[in-house]
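Numbered from 1 within each chain, the chains take letters A, B, ... in sequence-line order. Just so it is clear, the model here is predicted, and its values are computed rather than measured.
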Amino acid sequence: MELTRRKALMLGAGATALAFMPSMPATAAVEDAIAEFTGGADVGEGDITLTTPEIAENGNTVPVSVDAPGAVSIAIFAAGNPSHDVVTFNFGPLAASHSASTRMRLAGTQDVIAIAKMSDGSFVRAANQVKVTIGGCGG
Amino acid sequence: MAKGVKPRVKVPKSVSAGETITIKTLISHKMESGQRKDKEGNLIPRSIINRFTCEFNGETVIDVNLEPAISTNPYFEFEAKVPEAGDFKFTWYDDDGSVYEETKSIAVN
Amino acid sequence: MRSISLRILASVTALAVMGSLSAMAEELPELVINEDIEMVTRTKAPAHLENLDEIRSGWTFRTKETQAFQMDDFDNPGMIFVDQALDTWETVDGAAGKSCASCHEGPESMAGMRASMPKWNDDAGAVWTMEMYINDCRENRMQADAWGWKSQPMLNMNALISLQSRGMPVDVKIDGPAQSTWEKGKEMYYTRYGQLELSCANCHEQNYDNYIRADHLSQGQINGFPVYRLKQANLITSHNRFRGCIRDTRAETFSEGSPEFIALELYVSSRGNGLSVEAPSVRN
């Protein structure tokens with residue numbers, strides 16, 4: 001996805017508008033996407049590790065790894081993308097670990113959230129902020 | 001079938017029974033997100049690989065749902081148990097109905 | 001490699017003097033591909049380069065995540081395109097009924113070619129780039145259609161042939177008949193272009209390692225081309241990058257394959273004489 005200067009300005013304007021609003025629609029929307037995965041169940045803290053770069057040199061290809069021992073599945077969400085779902089890993093009986101890595105697109109600096117569904121039906125969560133640089137010479 | 005789609009899979013050729021291995025997969029695919037517009041301002045329709053699976057002798061290792069936020073040329077890395085000699089089967093499912101498959105045999109010492 | 005070990009030695013000495021662990025952070029990352037091929041990413045500048053003591057691969061300016069993409073051929077998305085070129089290498093095309101393999105056997109016969117590119121072609125009486133050699137084969141030996149410079153098969157084949165020289169030191173010839181082209185490229189390097197009045201040297205010689213907005217400026221070395229660029233999610237050539245740079249100065253730019261860019265490619269390549277060929281490298 002191309003992040004043009006105009007879009008960047010619009011995003012900036014949107015962020016400013018958000019700051020003045022009592023509720024946070026963008027955050028609310030990612031919580032909706034998460035609720036779809038969890039069925040609305042409570043999400044706790046626990047044994048889940050989300051690895052992302054602190055700074056991504058390009059938002060097109062951002063490496064991400066998740067690891068949640070005992071998880072049945074792990075879903076990754078991008079709070080600042082136009083569509084929040086990124087990927088869901090479902091582990092089978094021959095998975096040697098409940099971990100996986102992939103590469104994702106991030107539309108800008110934002111929180112990346114991983115939710116693991118454990119074998120007892122509970123959910124745990126981890127989140128990292130990833131700064132996506134918009135270079136001077138993005139050309 | 002989308003043009004120029006080519007899977008790459010890295011699996012060791014042999015292991016000791018019960019050993020854990022790391023598998024890496026990469027497939028060439030545009031992963032058109034459905035968010036972009038062409039020069040005339042029309043939305044370019046979404047065209048992605050939406051599911052990837054890895055099985056060993058018919059049993060699931062991993063089953064992945066992909067969304068448009070997965071990068072061009074989707075990459076996955078994960079770990080598998082190898083209880084006996086056999087075949088890993090990798091399958092990618094395209095939005096356009098195409099299915100791309102790759103098989104890798106592994107021996108047990 | 002020598003300059004790296006000297007630097008490490010220097011930091012070890014500093015460590016001993018300071019008695020602090022903080023100097024450990026100074027240790028420079030080394031590029032070893034597939035835990036096997038050791039690459040020279042920092043070395044002494046070639047004699048013709050008056051304004052730099054050390055030349056550095058673009059890899060040394062990237063974040064550790066971007067660097068990691070290039071350290072294993074399976075993590076390097078550029079290798080997908082190398083695979084595609086391997087198929088093309090074997091495929092008969094054109095009226096002569098030949099494939100690349102008909103004359104050249106395996107692609108490993110191309111070892112060393114990329115390290116000397118671009119170079120003077122006596123028969124043509126001009127400096128030729130990889131693309132020109134590939135198209136010469138296609139048109140004259142295979143009697144097939146020439147590939148466009150920016151076409152996918154051309155990018156892929158360039159990457160496959162370049163890969164055969166990976167790890168060899170860049171060694172382009174700048175004297176003899178190539179000298180006038182090289183002089184032209186050098187003049188371009190120091191010419192300010194566009195409304196922003198920027199030359200290549202303003203960013204990549206005088207300000208490398210500084211930031212231009214959020215971009216960490218490199219020395220603009222092209223030993224890694226064609227590169228897999230994360231932005232385009234594809235291979236791109238040095239001419240594509242030259243065009244982007246000149247456009248960003250708000251100038252009318254030259255096009256891929258123009259005599260100007262061929263001259264600039266020769267000159268910029270020669271600034272990297274001594275660095276390892278890294279193609280296909282990975283950059284942001």
Side-chain angles (χ1 to χ4, degrees), chain B residues 1-13 15 20-39 44 46-49 52 54 61-62 64 66-80 88 90 92 94 98 100-104 106, chain C residues 33-37 62-91 93 107 147-148 150-160 163 226-236 240 247 279-284:
Chain B
M1 187 187 230
K3 226 176 119 219
V5 174
K6 194 176 173 82
R8 295 188 95 212
V9 173
K10 186 180 186 181
V11 176
K13 286 199 170 56
V15 288
T20 291
I21 60 164
T22 298
I23 293 176
K24 295 180 179 185
T25 71
L26 193 62
I27 189 164
S28 56
H29 198 284
K30 283 177 61 144
M31 296 293 283
E32 188 61 58
S33 68
Q35 302 279 349
R36 299 198 311 158
K37 288 179 177 168
D38 64 17
K39 280 178 185 144
I44 304 171
R46 173 185 136 151
S47 173
I48 69 166
I49 287 175
F52 163 72
C54 170
V61 177
I62 199 166
V64 185
L66 291 75
E67 302 292 338
I70 292 296
S71 303
T72 306
N73 307 325
Y75 169 90
F76 294 109
E77 182 178 336
F78 49 93
E79 293 181 318
F88 278 102
F90 304 90
W92 292 260
D94 197 306
S98 307
Y100 317 106
E101 290 179 329
E102 181 82 359
T103 304
K104 290 275 178 187
I106 190 163
Chain C
I33 294 177
N34 302 334
E35 299 179 353
D36 178 34
I37 314 165
R62 304 277 55 94
T63 60
K64 66 178 194 299
E65 290 85 9
T66 306
Q67 288 181 338
F69 280 127
Q70 203 187 321
M71 297 178 78
D72 180 301
D73 279 350
F74 209 90
D75 295 338
N76 182 343
M79 299 306 283
I80 293 176
F81 301 101
V82 169
D83 271 4
Q84 292 178 359
L86 267 175
D87 292 343
T88 311
W89 182 270
E90 306 280 345
T91 307
D93 194 8
W147 282 327
K150 291 183 279 186
S151 69
Q152 197 67 48
M154 178 64 94
L155 293 167
N156 297 357
M157 189 56 70
N158 191 346
L160 172 65
L163 175 69
V227 309
Y228 182 89
R229 198 163 173 223
L230 301 180
K231 178 183 165 25
Q232 278 102 345
N234 199 352
L235 296 170
I236 67 156
N240 175 302
R247 184 204 53 213
S281 65
V282 182
R283 302 286 186 262
N284 54 314

What orientation do B:F78 and B:F90 show, parallel under 30°, tilted 30 to 60°, or perpendicular over 60°? tilted
Side chain / backbone / both / neither for C:D87 at chain B, heavy atoms under 4.5 Å: side chain
Look at the aromatic rings of B:W92 and B:F52 and report parallel, tilted or perpendicular, splitting at 30° and 60°. tilted
Looking at residues at least two apart in the chain, or sitting in another chain, which of them share a side chain to side chain donor-acceptor pair (under 3.5 Å) with B:K104? none
What part of C:D72 is in contact with chain B, defined as an atom under 4.5 angstrom from a non-hydrogen atom: side chain, backbone, both or neither? side chain
Part of B:T25 lying under 4.5 Å from any heavy atom of chain C: backbone
Hits for side chain to side chain donor-acceptor pair (under 3.5 Å) against B:R8, two or more places apart or cross-chain, chain-then-number order -> C:D83
